[in-house]
Number of protein chains: 2
Amino acid sequence: MFSLTCEHAIKEVIFVARQSLDGQRTNLKEIAAGIESPVAYTAKILQQLVKSNFVLSTKGVNGGFETDLNKMKSLPLMRIVEVFDGDFIANRCVLGLKSCNSTHPCPLHEKYAPVRGRLVSVLESTCMLDLALGIYSGQAILKEL
Amino acid sequence: MFSLTCEHAIKEVIFVARQSLDGQRTNLKEIAAGIESPVAYTAKILQQLVKSNFVLSTKGVNGGFETDLNKMKSLPLMRIVEVFDGDFIANRCVLGLKSCNSTHPCPLHEKYAPVRGRLVSVLESTCMLDLALGIYSGQAILKEL
DNA sequence: ATTAAATCGGATAAAAATATCCGATTTAGC
DNA sequence: GCTAAATCGGATATTTTTATCCGATTTAAT
């Protein structure tokens, strides 16, 4: 569905936002441990998240990462997916045909269109704050038990 | 969604089945041209399709590939996807968590479950014959215009 | 039997995705 | 100012996926 990098990115934003719910800034090590991801790889993805303005970073001693919770409230998951996986999910033909559209469909087009519609709708209607609240409340997990 | 290899595999079965609708056996070159895929790569995937018994092959002069149309009628697309992409689509957690299930869900689990359900239902209810008929009737395309 | 047209299958190459390394930069606290 | 703790960013390494190559085998037609 998503690329591994995108999966990590989503978990990272959720983890950082969850810490922001406690009013706490978190750092690379904590994030990597919190989502069970290699430290160096986590760092690379965090940099993209900072560049894309999904998370805020502070350098130096006591630095780390945090989120603007108001922003998280109005940030659909789709915005993050777009940055890491482009418009693959929303637009690419299931069989990879560039010419595929409703007038010249691939054999699967009609059957897949409603599924894609539902998927996009979930990604657009789910905000990052809600996902972070799932972790905060203890109802959901971000790493293996 | 699907791996590239799986996309090719699906198109190959559709192309071969469509030729079978004309009572014709087709060969590697025609298939590769018909789905605009590299010949050597197409050949490798065809071998897997033969091994998995989705298409029939005949060696030697005038050899080639064909399908049993009765089999295509009762062959859900899902069976092909399973062979090439495993149970990724049907079972893997969207965030890659092995522990993810309805009692210990990842933050996206609940929202994604119905989308997955619809997707699996489409893959199970769509048979390869129907997809081939889409090409046969000229309503659908298998390669760029 | 010989030939030519096919598929088969193992080895390898190329490209893309995933992951790491390390020096540079920044900054809070002393 | 000095130091330690942090992020930043470019280069590189590893792994997986995608794609190719080529000799072996099979077989219809002559």
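Chain letters run A, B, ... following the sequence lines, proteins first, then strands; residues in each count from 1.
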*Check whether any side-chain nitrogen or oxygen of B:H8 sits under 4.0 Å from OP1 or OP2 of D:dT18, and answer yes or no.*
no

*asked:* Using the side-chain heavy atoms of A:N62, tell me which of these nucleotides is nearest: D:dT18, C:dA28, D:dC8.
replied: C:dA28

*Salt bridge flag under 4.0 Å for residues B:E124 and B:R79*: yes

*From the options D:dA28, C:dT18, D:dT20, select the nucleotide whose nearest atom is closest to the side chain of A:S3.*
C:dT18

*Heavy atoms under 4.0 Å, any strand shown: does A:L46 hit a base, just sugar-phosphate, or nothing?*
nothing

*Where the side chain of A:F65 is concerned, which of D:dT25, D:dC8, C:dG10 is the nearest nucleotide?*
D:dC8

*For the side chain of B:L4, starting at C-beta, report the closest nucleotide among D:dT20, C:dA28, D:dT18.*
D:dT18

*Could you check which of C:dG9, C:dT26, D:dA4 has an atom nearest any side-chain atom of A:V61?*
D:dA4

*Answer yes or no: does atom OH of A:Y41 have more than 12 heavy-atom neighbours from other residues, nucleotides or ligands under 6.0 Å?*
yes

*Residue-phosphate contact under 4.0 Å: A:S57 side-chain N/O, D:dC8 OP1/OP2*: yes

*Could A:K98 and B:E144 be called an ion pair, given the rule that one side-chain N must be under 4.0 Å from one carboxylate O?*
no

*To the nearest Å, give me how far apart CG (A:N27) and P (D:dA6) are.*
5 Å

*In terms of the nearest nucleotide of DNA chain D, which residue is placed more toward the 5' end: A:K44 or A:G60?*
A:G60

*Taking CZ from A:F84 and P from C:dA16, how many angstroms apart are they, rounded to a whole number?*
20 Å

